[in-house]
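Only a predicted model underlies this, so the values are computations on that prediction, with no experimental measurement involved. Just so it is clear, the values below take in all heavy atoms, side chains as well, and ignore hydrogens, waters and symmetry mates. Indexing begins at 1, ligand by ligand and atom by atom, following the structure's order.
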Amino acid sequence: MEKASVIKDICGPEMTEEAQTIARMDLNKALNKLIQPMQEVVAKAYDKEMPACSDWTSINPYHLIAQNFARIATRVMVGPELCEGRWLTLSRDYINSVTKAPGVVRHKYHPWLRWVAKYVEPSVHAVLKYRREGAELLRPVLEARIAELDSTAPRTLGGKERHERQHEDAIQWLLEEFRARGKKPTPDAVAQSIYVIMTAAIDSTSSTALWMLFDLLDHPDAMAEIREEILRVSGGSADFAWTRQALGELRVLDSFMRESLRVHSFTQITVERMAAVPFTFKDGLHIPRFSQLAFPRYPYGMDSDLNPDPKTFYYKRHLKKRTGEDAAKFHFASVSDDTLAWGTGMHACPGRFLAQEALKLIFLRLVSRYDIKHDGEKRPGPDRMMGLFMGPDSSANILVKEVSSSA
Ligand code: HEM
């Protein structure tokens with residue numbers, strides 16, 4: 001066994017085929033139905049995390065954003081039965097342990113002795129503990145879902161025998177996907193697939209959201225226009241029930257989000273691939289078989305051939321491209337030639353539409369209900385590098401104050 005796979009074996013799994021399939025297919029098919037539950041958990045997160053603030057009040061926005069997205073991801077992954085309880089913090093505990101353990105094992109153990117880490121290394125024990133805990137929490141829900149599936153007669157849908165779906169969450173999608181592949185959906189296997197998606201989702205989206213917020217504070221003109229747009233689409237109603245279609249009408253917000261994504265990058269490299277066959281490009285560049293390739297993410301967004309005047313933060317840049325070139329392209333979540341933010345090809349980020357709708361729900365509540373500005377005493381410091389990842393300053397504070405008319 002190779003050294004790298006020893007570490008993966010003991011610290012956590014690689015992406016599973018089941019996780020890839022449900023993130024690409026079922027999640028995106030279910031998004032229309034998930035907007036309402038997502039809006040509800042965002043409301044809960046604000047009620048819990050936002051202090052009463054009739055006057056300017058200092059808060060840590062990273063905490064607010066991270067709690068909001070954790071609630072959304074937990075609702076989408078483990079459904080209404082489990083989304084309120086321990087899972088809310090468990091996925092964070094798992095991600096912290098699974099990102100720490102491989103480095104500890106590499107540092108402390110000679111490559112020949114890494115297999116021992118499973119038995120003696122506390123950081124690996126932490127990963128395994130959270131794995132077991134996740135599986136145990138899932139077990140009763142999974143068993144109830146299996147019993148429910150077994151007791152309902154399949155219907156013929158699209159020429160194939162299928163069960164009518166009763167639940168839209170990753171537990172259900174994985175259960176059906178495992179069965180379709182003739183595999184047993186054990187609590188551990190389902191927990192592992194959920195964890196691997198959560199690991200891809202949570203820090204990337206929370207960091208992206210925090211940069212967006214800082215950019216918004218730096219561009220009050222954009223903030224005013226986005227607030228107007230939200231009020232126009234919602235008709236100024238605080239109880240407006242957002243749909244994907246209505247979120248799609250927030251075009252200035254969408255363009256702003258894409259511009260922020262262009263100038264900040266959580267992943268420093270993207271489109272990591274291995275050449276399965278040797279390949280020679282027209283200009284003679286030869287890629288031998290088994291070569292590993294990756295592309296730098298940030299310089300691509302700063303290429304002036306793709307984005308003229310790239311150093312200027314122009315929040316309507318992508319809105320303009322949509323009206324000028326192709327209305328169906330250049331949305332926040334579009335994979336197109338002017339960005340590598342979502343990767344490319346069949347492995348392009350399958351969670352980008354979830355990220356798009358989640359970020360809009362989080363931001364529209366903040367912008368329409370609160371005035372916000374930098375906290376002069378705790379302004380954001382420089383971005384932090386963490387290996388091949390970069391994140392904004394999560395210790396910075398902002399000032400918030402309730403506005404009287406809200407959406
Ligand atoms: C703003 C937030 C996000 C960013 C910037 C982002 C970015 C990326 C990038 C660059 C890749 C690699 C694509 C490639 O190799 O071509 C990727 C893969 C992936 N992302 Fe995201 N992502 C985000 C949010 C999410 C969310 C919310 C989910 C949850 C479903 C998710 C799930 C995944 C998965 C499962 C993969 C692996 C896909 C595969 O290997 O086929 N991501 N993401």
Side-chain angles (χ1 to χ4, degrees), residues 8 12-31 34-35 38 41-42 65-66 68-78 91 95 168-171 173-174 177 192-213 215 253-254 256-275 292-298 300-301 331-337 339-363 383 388-392:
K8 274 175 182 148
E14 289 187 74
M15 181 58 71
T16 65
E17 283 185 0
E18 292 79 19
Q20 259 169 345
T21 307
I22 67 136
R24 271 185 214 147
M25 310 287 293
D26 305 73
L27 167 65
N28 291 313
K29 272 195 214 153
L31 257 187
L34 287 169
I35 300 296
M38 283 162 63
V41 297
V42 166
I65 284 169
N68 260 285
F69 191 69
R71 278 180 184 265
I72 291 177
T74 309
R75 170 60 187 81
V76 172
M77 291 292 127
V78 296
S91 34
I95 293 168
E168 290 294 4
D169 52 50
I171 299 181
W173 307 326
L174 285 164
E177 188 57 33
Q192 284 304 285
S193 287
I194 288 177
Y195 275 145
V196 89
I197 299 176
M198 291 280 227
T199 307
I202 287 191
D203 288 340
S204 56
T205 312
S206 303
S207 293
T208 301
L210 189 59
W211 271 314
M212 279 172 193
L213 176 59
D215 285 335
L253 174 59
D254 191 281
F256 181 94
M257 286 164 45
R258 191 167 168 93
E259 182 67 344
S260 181
L261 190 64
R262 180 181 73 81
V263 300
H264 307 285
S265 41
F266 178 70
T267 48
Q268 296 311 294
I269 57 166
T270 181
V271 192
E272 292 175 66
R273 304 285 188 269
M274 190 174 71
Q292 294 194 21
L293 309 170
F295 295 80
R297 152 83 165 81
Y298 179 75
Y300 202 85
H331 295 248
F332 175 70
S334 303
V335 171
S336 44
D337 293 346
T339 182
L340 280 181
W342 304 113
T344 190
M346 71 174 288
H347 290 286
C349 176
R352 60 194 190 275
F353 299 101
L354 172 66
Q356 169 178 278
E357 311 307 11
L359 292 173
K360 285 186 181 174
L361 288 170
I362 296 170
F363 271 95
D383 295 340
L388 286 170
F389 298 100
M390 190 184 273

Before signing off on this row, confirm whether [X] and ligand 1 have an N or O atom pair separated by under 3.5 Å.
{"X": "R24", "value": "yes"}
{"X": "T205", "value": "no"}
{"X": "Q20", "value": "yes"}
{"X": "R273", "value": "yes"}

What atoms of ligand 1 come closer than 4.0 angstrom to any heavy atom of V271?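 The list of qualifying atoms is 15 (O).
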Atoms of ligand 1 less than 4.0 Å from T344 heavy atoms?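 Reading through ligand 1 atom by atom, the close ones are 16 (O).
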Would you give the length of the straight line joining atom CG of L261 to atom CZ of F266, rounded to the nearest 0.5 angstrom?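 Nearest 0.5 Å value for the CG-CZ distance: 12.0 Å.
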Nearest 0.5 Å please: distance from the CH2 atom of W173 over to the CE atom of M77.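 One gets 6.0 Å once the value is rounded to the nearest 0.5 Å.
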State, to 0.1 Å, how close [X] and [Y] come at their nearest heavy-atom pair, and which atoms those are.
{"X": "A23", "Y": "N28", "answer": "O-ND2, 3.2 Å"}
{"X": "L340", "Y": "P296", "answer": "CD1-O, 4.2 Å"}
{"X": "Q356", "Y": "A333", "answer": "OE1-N, 3.1 Å"}

Just say parallel, tilted or perpendicular for the rings of W342 and F332, cut-offs at 30° and 60°.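 W342 vs F332 ring planes: perpendicular.
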Starting from atom 13 (C) of ligand 1, locate the nearest protein heavy atom and write down its residue, its atom name and how far away it is, to 0.1 Å.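 Result for atom 13 (C) of ligand 1: H347 O, 3.2 Å.
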Residue, atom name and distance, where the atom is the protein heavy atom closest to atom 23 (C) of ligand 1: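 Among all protein heavy atoms, the one nearest atom 23 (C) of ligand 1 is S204 OG, 3.4 Å.
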Can you establish whether the number of heavy atoms outside Y298 located under 6.0 Å from its atom OH is more than 12?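 Counting other residues, nucleotides and ligands, OH of Y298 stays at 12 neighbours or fewer.
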Out of [options], whose heavy atom sits nearest [atom]?
{"atom": "atom 11 (C) of ligand 1", "options": "A73, C349, S207", "value": "C349"}
{"atom": "atom 31 (C) of ligand 1", "options": "A358, G351, A333", "value": "G351"}
{"atom": "atom 5 (C) of ligand 1", "options": "W342, F295, F353, F69", "value": "W342"}
{"atom": "atom 32 (C) of ligand 1", "options": "A19, S193, A200", "value": "A200"}

